[in-house]
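What follows is one structure encoded as structure tokens, with my remarks underneath.
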Amino acid sequence: MGLAARHRGVMILVIVESPYAGDILANEAYARRALADSLARGEAPFASHLLYTQPGVLDDTDPAERAQGIAAGFAWGERAELTAVYVDRGVTPGMAQGIRAARAVGRPVTFRFLDTDRS
């Protein structure tokens, strides 16, 4: 269990920020690794960009549907206690928007690497 989760004895709710657009297949694989990392820390992670972009849910290429997904993720985030930003693949404009939203409501933001070789 992660330090924060051990401290409180419960799983904390965590918003996961990681890239989605661009190389979608690689970014989805990376986001799944980020979820696994968060779970391994004893957290309860949520990655709206993996959930809402599944076929038959929302179309991320449609601006209105993308905005709806972002709004839904932010609504869920109102309950979260932490935003974890996974940065091995960079910080996208969407991730920056999530960071700003977290800071605007006073939610702590932490930056994490999955890959140990950062050279």
Side-chain angles (χ1 to χ4, degrees):
M1 213 180 266
L3 179 61
R6 277 197 309 263
H7 175 71
R8 297 191 38 211
V10 297
M11 296 177 95
I12 63 168
L13 301 177
V14 176
I15 295 288
V16 170
E17 292 288 350
S18 68
Y20 182 78
D23 187 346
I24 292 174
L25 291 178
N27 288 339
E28 285 176 335
Y30 180 76
R32 286 190 295 273
R33 288 179 55 213
L35 287 173
D37 177 74
S38 181
L39 284 164
R41 295 169 185 262
E43 300 165 346
F46 180 71
S48 62
H49 55 296
L50 282 184
L51 178 62
Y52 299 144
T53 57
Q54 293 182 53
V57 182
L58 292 175
D59 179 357
D60 193 59
T61 65
D62 178 307
E65 290 190 22
R66 177 177 168 76
Q68 183 181 14
I70 290 170
F74 287 168
W76 190 93
E78 291 176 13
R79 302 283 187 214
E81 300 169 73
L82 176 72
T83 291
V85 183
Y86 287 84
V87 297
D88 298 281
R89 299 181 61 84
V91 176
T92 66
M95 293 167 65
Q97 185 178 5
I99 293 165
R100 285 190 303 274
R103 289 181 172 153
V105 297
R107 185 171 54 249
V109 176
T110 187
F111 295 88
R112 296 177 177 171
F113 289 91
L114 292 176
D115 299 326
T116 55
D117 179 20
R118 292 183 251 152
S119 55

Practice task
Run the numbers on Ser18 and His49 for side chain to side chain contact (heavy atoms under 4.5 Å, CB included), then give the verdict.
Solution key: CA-CA 8 Å; Ser18 68; His49 55 296; 2.8 Å; yes
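- Applying the side chain to side chain donor-acceptor pair (under 3.5 Å) criterion to Ser48, with sequence neighbours excluded, gives no partner residue.
- Side-chain atoms of Asp88 do not come within 3.5 Å of backbone N or O of Phe113 as any donor-acceptor pair.
- Using a 4.5 Å cut-off on side-chain heavy atoms (C-beta onward), Leu58 and Thr53 make no contact.
- Side-chain atoms of Glu28 and Leu50, non-hydrogen and from C-beta on, do get closer than 4.5 Å to each other.
- The ring-ring contact (aromatic ring centres under 6.0 Å, His included) search around Phe46 returns Trp76, not counting sequence neighbours.
- Among residues two or more places apart in sequence or in another chain, the side chain to side chain donor-acceptor pair (under 3.5 Å) test is passed with Tyr52 by none.
- Nearest heavy-atom pair, Ala47 versus Leu35, reported as atom, atom and distance to 0.1 Å: CB-CD2, 3.9 Å.
- Residues Leu51 and Val57 have side chains not in contact (no heavy-atom distance under 4.5 Å, counting atoms from C-beta outward).
- The shortest heavy-atom contact between Val16 and Pro45 is CG2-CB, 3.7 Å.
- Arg33 meets the salt bridge (Lys or Arg N to Asp or Glu O under 4.0 Å) test with Asp115; sequence neighbours excluded.
- For residues 56-70, the pairs satisfying side chain to side chain donor-acceptor pair (under 3.5 Å) are Asp59-Thr61, Asp60-Arg66, with sequence neighbours left out.
- Contact detail for Thr92 and Pro19: the closest heavy-atom pair is CG2-CB, 3.8 Å.
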What pairs of donor and acceptor atoms, side-chain ones from residues 93-108 against any protein atom, are under 3.5 angstrom apart with sequence neighbours left out?
from   : atom 1 : to    : atom 2 : distance (Å)
Arg107 : NE     : Thr83 : OG1    : 2.8
Arg107 : NH1    : Gly77 : O      : 2.7

Practice task
Please report the C-alpha distance between Leu82 and Ile15 in whole Å, then the side-chain angles of each, then the deciding distance to 0.1 Å, and finally whether the side chain to side chain contact (heavy atoms under 4.5 Å, CB included) criterion is met.
Solution key: CA-CA 6 Å; Leu82 176 72; Ile15 295 288; over 6 Å; no
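- Side-chain contact check for Asp37 versus Leu39: every heavy-atom pair is 4.5 Å or farther apart.
- A side-chain N or O of Arg112 and one of Tyr86 form a donor-acceptor pair less than 3.5 Å apart.
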